[in-house]
Amino acid sequence: MRVVVTGGAGFLGSHLCDRLLARGDEVVCIDNFATGDRSNIAHLSEHRGFSLVEHDVSNQVDVDGAVDAVLHFASPASPADYLAMPIQTLKVGALGTHNSLGLAKAKQARFLLASTSEVYGDPLVHPQAESYWGNVNPVGPRGVYDEAKRFAEAITTAYFRYHGSDTRIVRIFNTYGPRMRPGDGRVVSNFIVAALSGEPVTVYGDGTQTRSFCYVDDQISGILALLESAEHAPVNIGSPEEFTVSELAQIVLEVTGSSSPLQHRPLPVDDPRRRRPDTARAREVLGWHPLVTLREGIERTAEYFKSQIAGWS
Ligand code: NAD
Ligand code: UDP
């Protein structure tokens, strides 16, 4: 297959490029480096099957030649990033998704949208099944991301219904691993970098809010299984194991052997209280379930950040 990956220089996108190339696909990565990093794809620059197009997909997207699949991953994903880039986030979720769907339609290619658990907002139903419509504040600070992704799901579904496009929607729950930016502001990278640097581990609020953390290799396996499936409705991909933020801090401190103190900071506005995917559909439709435990994944991610920190000094 010849696959276009928008946002291919980001955390998930670069792992996706790796896995597609490893299975023999050709990859065209389109990225404007808004939140991505050239170092994530530097090792691919000499790969025969890989090419990079530096482009903002909120503007028309053109790719020469045949394309078999378009995987739309371009978007800031960390709350710190999308709060700093609210308009760009809305544009890439709306216009960027429209342009990427247009490319897939023109090439008669399969299309996969990277959606998010944030479409459930601060959920009133727990765990979150795909049938839940969510509880989103459109005018709260997180609305720029949540509503962009909800629009992206709606337009993807409209292309499926009205143009007969061959679409997939993955609702990704908190995923972590090597190649997260050390300063991207998400909890796993913040905690590990702080622990390794001997800085305070910043727990927002009282730390009782929960998330369910999926290791990147498991996430990519789920995404590829969905791409190969015939499933057009949204599918949750994430870990069904739920942890409080305080529990995560404890695991990070244990794994890194750090004596960093915990420091409580104010809880961000509209921060979801609880989040855990119902993964029954992923299991039934894709036969997918995650393999890497949180402790194991944190160990691997801490090794990665250790090597990065060694590089900085
Ligand atoms: P990331 O910030 O590391 O990667 C996003 C990539 O998109 C970056 O390389 C960035 O430069 C690129 N990009 C942003 N705007 C662009 C534009 N207008 N044109 C071209 N490229 C652009 O984030 P990530 O964690 O890898 O997330 C990738 C996708 O997965 C996003 O769509 C995100 O919403 C979704 N997602 C991720 C998670 C997670 O836990 N990592 C959870 C839910 C959804
Ligand atoms: N969080 C935290 N300390 C940090 C960063 C985040 O306590 O340094 C909390 C945040 O308030 C949220 C959870 O960790 O409750 C996950 O935050 P993240 O930004 O990783 O992703 P979200 O799931 O909120 O999109």
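Nothing here was measured: the structure is a model prediction, and the numbers come from that model. Ligands are counted one by one from 1 in listed order, and the atoms in each one are counted from 1 as well.
- For Arg23, the CZ atom sits in a packed shell: over 12 heavy atoms of surrounding residues, nucleotides or ligands are nearer than 6.0 Å.
- In this structure, atom 32 (O) of ligand 1 lies nearest to the protein heavy atom Lys149 NZ, 2.8 Å.
- Here Phe111 and Tyr159 keep their ring centres 6.0 angstrom or further from each other.
- Scanning all heavy atoms of the two residues, the minimum distance from Pro76 to Thr89 falls at CG-OG1, 3.4 Å.
- Here is the list of ligand 2 atoms found below 4.0 Å of a heavy atom in Asn190: 4 (C), 5 (C), 8 (O).
- If you look at Phe11 next to ligand 1, the close heavy atoms, those under 4.0 Å, come from the backbone and the side chain alike.
- Applying the 6.0 Å contact sphere to NZ of Lys107 captures more than 12 heavy atoms from other residues, nucleotides or ligands.
- In terms of protein heavy-atom proximity, atom 19 (N) of ligand 1 is closest to Val57 N, 3.0 Å.
- For the residue pair Arg150 / Ser115, no side-chain donor-acceptor distance below 3.5 Å is found, with atom types taken as modelled.
- When non-hydrogen atoms are compared, ligand 2 lies under 4.0 Å from neither the backbone nor the side chain of Met180.
- For the pair Pro79 and ligand 2, a heavy-atom separation below 4.0 Å is found.
- Among Phe73, Phe173, Tyr145, the residue whose heavy atom sits closest to atom 36 (N) of ligand 1 is Tyr145.
- Close contacts between ligand 2 and Asp271 involve ligand atoms 10 (C), 11 (O), 12 (C), 15 (O) [criterion: under 4.0 Å to a heavy atom].
- Every atom of ligand 2 is numbered from 1 in the order shown, and the set under 4.0 Å from a heavy atom of Val203 is 7 (O).
- In the vicinity of Gly7, heavy-atom distances shorter than 4.0 Å reach the ligand 1 atoms 6 (C), 7 (O), 9 (O), 12 (C).
- When heavy-atom distances to ligand 2 are checked against a 4.0 Å cut-off, Arg275 comes that close only through its side chain, counted from C-beta outward.
- Looking at atom 18 (N) of ligand 1, its nearest protein heavy atom turns out to be Asp56 OD1, 2.8 Å.
- Counting non-hydrogen atoms of other residues, nucleotides and ligands closer than 6.0 Å to CD of Glu241 gives a total of 12 or fewer.
- The atoms of ligand 2 that sit less than 4.0 Å from any heavy atom of Arg186 are 19 (O), 20 (O).
- For atom 23 (O) of ligand 1, the closest heavy atom belonging to the protein is Ala77 CB, 3.4 Å.
- Close approach of ligand 1 to Ala9 (heavy-atom distance below 4.0 Å) involves ligand atoms 9 (O).
- Using 4.0 Å as the threshold, Gly96 has no heavy atom nearer than that to any atom of ligand 1.
- At the top of the distance list for atom 30 (O) of ligand 1, counting protein heavy atoms only, stands Leu12 CD1, 3.6 Å.
- Selection from Val188, Asp206, Val245, Asn174 by nearest heavy atom to atom 13 (C) of ligand 2 gives Val245.
- Polar contact check, Pro76 against ligand 1: no nitrogen or oxygen pair lies under 3.5 Å apart.
- Checking Asn137 against Asp270 by side-chain atom types alone, a donor-acceptor pair falls below 3.5 Å.
- At a heavy-atom cutoff of 4.0 Å, ligand 1 is contacted by the backbone of Ser115 but not by its side chain.
- Within the 4.0 Å heavy-atom criterion, neither part of Ser78 lies near ligand 2.
- For atom 43 (C) of ligand 1, the closest non-hydrogen atom on the protein side is Ile172 O, 3.1 Å.
- For the residue pair Arg273 and Thr208, a side-chain donor N or O sits within less than 3.5 Å of a side-chain acceptor on the partner.
- Looking at Asn174, Asp31, Thr6 and measuring to atom 9 (O) of ligand 1, the nearest heavy atom belongs to Asp31.
- Shortest contact from atom 4 (O) of ligand 1 to any protein heavy atom: Gly10 CA, 3.4 Å.
- For Asp217 and Gln219, the side-chain atoms include no donor-acceptor pair closer than 3.5 Å.
- Remark: ligand 1 atoms within the under-4.0 Å shell around heavy atoms of Phe33 are 11 (O).
- Ligand 2 lies within reach of Gly185, whose nearest heavy atom is under 4.0 Å from it.
- When each of Glu130, Glu153, Glu118 is paired with Arg171, the salt bridge (Lys or Arg N to Asp or Glu O under 4.0 Å) condition holds for Glu153 and for no other.
- Considering CG of Leu16 and CZ of Phe11, their distance stands at 11.5 Å, rounded to 0.5 Å.
- Atoms of ligand 2 found under 4.0 Å from any heavy atom of Gln209, numbered from 1 in the order shown, are 9 (C), 11 (O), 15 (O).
- The residues Asp18 and Arg179 are annotated as salt-bridged, a charged nitrogen and a carboxylate oxygen being separated by less than 4.0 angstrom.
- At least one N or O atom of Thr175 sits closer than 3.5 Å to an N or O atom of ligand 1.
- The protein heavy-atom contact nearest to atom 5 (C) of ligand 2 is Tyr204 CE1, 3.3 Å.
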inquiry  = Between Thr279 and His289, does the side chain to side chain donor-acceptor pair (under 3.5 Å) criterion hold? Intermediate values first, please.
reply    = CA-CA 8 Å; Thr279 51; His289 63 96; over 6 Å; no
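- Using a 3.5 Å distance cut-off with no hydrogens or angles, the side chains of Tyr120 and Asn236 do pair a donor with an acceptor.
- The protein heavy atom nearest to atom 17 (O) of ligand 2 is Val187 CB, 4.0 Å.
- For the residue pair Arg211 and Gln209, no side-chain donor N or O sits within less than 3.5 Å of a side-chain acceptor on the partner.
- Asp68 and Arg2 are not joined by a salt bridge, as no carboxylate oxygen comes within less than 4.0 angstrom of a charged side-chain nitrogen.
- Residue, atom and distance of the protein heavy atom nearest to atom 22 (C) of ligand 1 are Asn32 OD1, 3.0 Å.
- For atom 24 (O) of ligand 2, the nearest non-hydrogen atom from the set His264, Arg142, Gln263 belongs to Arg142.
- In this structure, of Arg181, Arg179, Met180, Arg186, the residue bringing a heavy atom nearest to atom 25 (O) of ligand 1 is Arg186.
- If you check each of Gly36, Ser75, Ser117 against atom 5 (C) of ligand 1, the one with the closest non-hydrogen atom is Ser75.
- Taking any N or O of Tyr82, backbone or side chain, none lies under 3.5 Å from an N or O belonging to ligand 2.
- Protein heavy atom at the shortest distance from atom 3 (N) of ligand 2 is Thr202 O, 2.6 Å.
- Between Thr210 and Glu242, the side chains place a donor N or O and an acceptor N or O closer than 3.5 Å (distance only, hydrogens not considered).
- A heavy-atom separation below 4.0 Å is found between His55 and ligand 1.
- At a threshold of 4.5 Å between non-hydrogen side-chain atoms, the residues Ser221 and Arg19 count as touching.
- Taking the centre and axis of the six-membered ring of Tyr215, the NZ or CZ atom of Arg300 falls inside the cone set by 45° and 6.0 Å.
- Here the shortest heavy-atom distance to atom 2 (O) of ligand 1, taken over Thr35, Val5, Leu95, belongs to Thr35.
- The environment of NE2 in His15 is crowded: more than 12 heavy-atom neighbours from other residues, nucleotides or ligands sit within 6.0 Å.
- Using modelled atom types and a 3.5 Å distance limit, the side chains of Ser258 and Ser260 yield a donor-acceptor pair.
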